Amino acid sequence: MQSESTTTYMVSFKTGPGFITVEAKDNKLTRISFKNTKEQRENEFIRKLKKDIQSYLRGEKVSFGYPLDFSSLTPFQIKVFKLLQEVPYSKTISYKELAKKAKTSPRAAGRILASNPFPVIIPCHRVINSSGALGGFSGGLDWKKYLLKIERVEGF
DNA sequence: GGCACACACGAAC
DNA sequence: GTTCGTGTGTGCC
């Protein structure tokens with residue numbers, strides 16, 4: 001049985017660095033992106049999530065314990081994202097270190113992060129070049145800088 | 001299925 | 001600063 005009984009809920013809202021959109025199916029987070037959609041379909045779950053993100057962006061330390069929908073990802077991607085979730089608030093890790101944990105190459109690790117469906121929740125902004133440079137970010141480097149600053153990471 | 005190519009890197013020159 | 005090795009995903013064929 002694979003009925004379409006689940007509805008996709010989504011909401012966009014403006015924050016400091018720009019718009020952010022969250023999408024969820026029932027009580028599972030399916031995607032976060034940095035765009036603005038006109039369509040707004042809220043439910044309790046997504047309202048709470050929005051509130052949490054707004055708190056986080058105000059500098060509050062929020063632990064996002066939301067269930068994530070990994071169903072469209074490869075086992076390896078899931079592995080990397082789970083490892084990344086272990087990186088604590090206001091700490092950073094290099095692509096190299098992350099790659100080591102995941103037993104892969106730094107290049108490959110970056111490749112995975114570029115496809116992160118849950119930026120912010122999965123803290124890909126905490127991954128930077130071992131040279132100290134920022135690396136990249138799907139929503140643009142302004143976002144990355146902003147997030148690091150919020151978390152009071154040294155040097156930002 | 002296989003293969004070529006693109007990459008949010010890093011290390012060596 | 002440039003070049004080369006590198007692992008994974010994606011999209012061709």
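A quick note: this is a predicted structure, and the numbers were derived from the prediction, not measured. So that the names make sense, note that chain A is the first sequence line, chain B the second, and so on, each numbered from 1.
- Between Phe45(A) and Tyr9(A) the shortest side-chain heavy-atom distance does not fall below 4.5 Å.
- For the pair Lys96(A) and dA11(B), the criterion of a side-chain N or O lying under 4.0 Å from OP1 or OP2 is met.
- At the phosphate of dG9(C), neither OP1 nor OP2 sits under 4.0 Å from any side-chain N or O atom of Ser115(A).
- Contacts of Phe76(A) with the nucleic acid, taken as non-hydrogen atoms under 4.0 Å apart, involve only primed sugar atoms and P, OP1 or OP2.
- As rounded to whole Å, 14 Å separates atom P of dC9(B) from atom CZ of Phe137(A).
- Here dG7(C) presents its C1' atom at 15 Å from NZ of Lys103(A), a figure rounded to the nearest Å.
- Side-chain atoms of Arg107(A) come within donor-acceptor range of the base of dG5(C), with a qualifying N/O pair under 3.5 Å.
- The nearest whole Å value for the distance from the CG atom in Leu98(A) to the P atom in dG10(B) is 10 Å.
- For Lys79(A), the NZ atom counts as densely surrounded, since its 6.0 Å shell holds more than 12 non-hydrogen atoms of other residues, nucleotides or ligands.
- Distance CD (Gln77(A)) to P (dA8(B)): 14 Å, rounded to an integer number of Å.
- Protein atom CZ of Phe81(A) is 13 Å distant from nucleotide atom P of dA8(B), rounded to whole Å.
- Of the two residues contacting DNA chain C, namely Pro75(A) and Pro106(A), the nearest-nucleotide position lying further toward the 5' end is that of Pro106(A).
- Across the protein-nucleic acid pair, Lys79(A) atom NZ and dG9(C) atom P stand 11 Å apart, rounded to whole Å.
- Of all nucleotides present, none satisfies the Watson-Crick or G-U wobble test against dA8(B) with each distance under 3.5 Å.
- Each of dA8(B), dG7(C), dC9(B) was ranked by its minimum atom distance to the side chain of Cys124(A); first place goes to dA8(B).
- One can place CZ of Arg111(A) at 10 Å from C1' of dC5(B), the figure rounded to the nearest angstrom.
- Nucleotide dG9(C) holds its P atom 14 Å from the CG atom of Asn116(A), rounded to whole Å.
- Checking His125(A), Lys91(A), Lys61(A) one by one against Glu151(A), the side-chain hydrogen bond (donor to acceptor under 3.5 Å, both in side chains) holds for a single residue, His125(A).
- Relative ring orientation between Phe70(A) and Phe81(A) is described as parallel, the plane-to-plane angle staying below 30° on a 0-90° scale split at 30° and 60°.
- At the heavy-atom level, Ile112(A) lies under 4.0 Å from the strands shown only through sugar-phosphate atoms.
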Could you tabulate the donor-acceptor pairs under 3.5 Å formed by side-chain atoms of residues 97-124 of chain A, not counting sequence neighbours?
{"unit_1": "Ser105(A)", "atom_1": "OG", "unit_2": "Ala108(A)", "atom_2": "N", "d": "3.1"}
{"unit_1": "Ser115(A)", "atom_1": "OG", "unit_2": "Gln77(A)", "atom_2": "NE2", "d": "3.0"}
{"unit_1": "Ser115(A)", "atom_1": "OG", "unit_2": "Ile112(A)", "atom_2": "O", "d": "2.8"}
{"unit_1": "Asn116(A)", "atom_1": "OD1", "unit_2": "Phe118(A)", "atom_2": "N", "d": "2.8"}
{"unit_1": "Asn116(A)", "atom_1": "ND2", "unit_2": "Ile122(A)", "atom_2": "O", "d": "3.3"}

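- Listed pair Asn129(A) / dG10(B) meets the phosphate criterion, a side-chain N or O lying under 4.0 Å from OP1 or OP2.
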